[in-house]
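What follows is one structure encoded as structure tokens, with my remarks underneath.
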There are 2 protein chains.
Amino acid sequence: MPKTPRNKSGPKRRSECPLNASVEMLGDRWSLLIIRDMMLRGFRSYKEFLECYERIATNILADRLRRLTTNGIIQASPDPTDGRKLIYSLTAKGIDLAPVLTEMVLWAAAHENTGNQALVRQMQSDKGKFLAGIRERWENGGGSRSGNE
Amino acid sequence: MPKTPRNKSGPKRRSECPLNASVEMLGDRWSLLIIRDMMLRGFRSYKEFLECYERIATNILADRLRRLTTNGIIQASPDPTDGRKLIYSLTAKGIDLAPVLTEMVLWAAAHENTGNQALVRQMQSDKGKFLAGIRERWENGGGSRSGNE
DNA sequence: AATGTTACTTGCAAAATGCAAGTAATAATT
DNA sequence: AATTATTACTTGCATTTTGCAAGTAACATT
């Protein structure tokens, strides 16, 4: 029987829709969680991520941090008090993901039984203020640990 | 030498943060693209998805449609004019993903060279109106392609 | 110099994925 | 009624990706 391949027809213009770019950078199991924990929990070091995600493999974590850095979402700088450490922080591009995360959290909270109702209520009651707070904390001081957990 | 595992310490309360639920349902390469194309391009059938995503495998597409259905984001109903077909449509939960998609598109548009500037400008100029339009189209008529019905 | 910590890399088994090739259920055509 | 085509999948298998234990280089501390 002759071959009758099914997937050869569509034109598939990459990045025709902007969402393709987002999915390429964030469409996996870990990237958004890493960004969330930098943004909301103030995670800065490899060790914090490794100990937090019980199931993430060390090489996967290293790869995701590298990819997020390559994509300009986070940046790594040496710790001045300890030459061995790298301090990871969000770039402006990374901070701009706050609205995406917020909408995802609100969506899940509306349709699932999720935890951390305090955070959800804070987002719901004044979304703009919540986002402004995140931006402010990151723009001066480079992202201190917030009260959200 | 004794084992010294690295990943056994963190408590890792699942769904402590609502984002975990979102990532479990949407954190892969295809799910959000499927939702986007149902929402913005009016895709309804297995065949449309298969021909559009040049690189998606048939079993992966079937799996993602099944998972999205299981998660209550889309639903499948038989086509009354052709008993062989299934018509996929967004549920209320799926429609509620519009703000997430919108923020992702706007984020990518702000930081990458993405296509479809018309869509982006429409989102930017009046986000609320854009979202209302999507909801309206889906709430009466089950999501027509454009001005149908 | 010995020991500990950090931020990785390596090796390998297991799981997920991609792709060609089926297949059952229908529909259209002859 | 038989033939052909289409849809919406499933199956089998090779390739790729991931998870985990173990190792390591570069410091830092004692």
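These numbers were taken from a predicted model, which means no experiment stands behind them.
- Atom CG of B:Leu50 and atom C1' of D:dT10 are 14 Å apart (whole Å).
- Not one side-chain nitrogen or oxygen of A:Arg44 sits closer than 4.0 Å to the OP1 or OP2 atom of C:dT6.
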Self-check item: Candidate pair A:Arg121 and A:Asn116, rule side chain to side chain donor-acceptor pair (under 3.5 Å), full reasoning
Solution: CA-CA 9 Å; A:Arg121 274 194 295 274; A:Asn116 205 341; over 6 Å; no

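- When all heavy atoms of A:Thr114 and B:Ala21 are compared, the closest pair comes out as CG2-CB, 4.3 Å.
- The base of C:dT6 has none of its N or O atoms less than 3.5 Å from a complementary donor or acceptor on the side chain of A:Ser45.
- Across the protein-nucleic acid pair, A:Leu61 atom CG and D:dC20 atom P stand 13 Å apart, rounded to whole Å.
- Listed nucleotides C:dG18, C:dT9, D:dC9 differ in distance to B:Trp30; the shortest reach to its side chain belongs to C:dG18.
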Show each protein N/O and nucleotides 1-6 of chain D N/O combination with a separation under 3.5 Å, one pair to a line.
unit_1, atom_1, unit_2, atom_2, d
D:dT6, O2, B:Arg84, NH1, 3.0

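- Rounded to whole angstrom, the span from the CD1 atom of B:Ile87 across to the P atom of D:dT7 amounts to 13 Å.
- For A:Ala62, the side-chain atoms get nearest to C:dT9 when compared with the rest of D:dT10, C:dT9, D:dG19.
- Put simply, B:Arg64 has no side-chain N or O that comes within less than 4.0 Å of OP1 or OP2 on D:dC9.
- Residues meeting the side-chain hydrogen bond (donor to acceptor under 3.5 Å, both in side chains) test with A:Ser45, sequence neighbours left out: A:Glu48.
- The salt bridge (Lys or Arg N to Asp or Glu O under 4.0 Å) search around B:Asp79 returns none, not counting sequence neighbours.
- Summary of the strand contacts: A:Ile60 and A:Asp82 both lie near DNA chain D, and taking for each the nucleotide with the nearest heavy atom, the more 5' one is attributed to A:Ile60.
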For residues 102-109 of chain B, please give each side-chain donor-acceptor pair under 3.5 Å, one per line with the distance, not counting sequence neighbours.
unit_1, atom_1, unit_2, atom_2, d
B:Thr102, OG1, B:Ala98, O, 2.8
B:Glu103, OE2, B:Lys127, NZ, 2.7
B:Trp107, NE1, A:Lys93, O, 2.9

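- Atoms CZ (B:Phe49) and P (D:dC9) sit 12 Å apart, rounded to a whole Å.
- Note: CG (B:Asp63) to C1' (C:dA15) measures 13 Å, nearest angstrom.
- At a non-hydrogen distance threshold of 4.0 Å, B:Arg66 from residues 65-80 of chain B come into contact with DNA chain D.
- Residues satisfying the side-chain contact (heavy atoms from CB on, under 4.5 Å) test with A:Asp28, not counting sequence neighbours, are A:Trp30, A:Ser31, A:Arg64.
- Closest approach of A:Met39 and A:Trp138 over heavy atoms only: O-NE1, 3.9 Å.
- For C:dT6, the OP1/OP2 oxygens have no side-chain nitrogen or oxygen of A:Tyr88 closer than 4.0 Å.
- Within the 3.5 Å criterion, the main-chain N or O of B:Thr58 finds a donor-acceptor partner in the side chain of B:Tyr46.
- The minimum heavy-atom distance between A:Arg41 and A:Cys52, with the atom names listed, is NH2-SG, 4.0 Å.
- Across the protein-nucleic acid pair, B:Glu51 atom CD and D:dT7 atom C1' stand 11 Å apart, rounded to whole Å.
- Formation of a donor-acceptor pair under 3.5 Å by the B:Asp126 side chain with backbone atoms of B:Gly128 is found in this model.
- Within 4.0 Å of B:Leu86, counting heavy atoms only, lie sugar-phosphate atoms of the nucleic acid but no base atom.
- Remark: C1' of D:dA26 and NZ of A:Lys85 are 14 Å apart, rounded to the nearest angstrom.
- In this structure, CZ of A:Arg29 is placed 18 Å from P of D:dT17, rounded to the nearest angstrom.
- A:Asn59 comes within 4.0 angstrom of a base, heavy atoms only.
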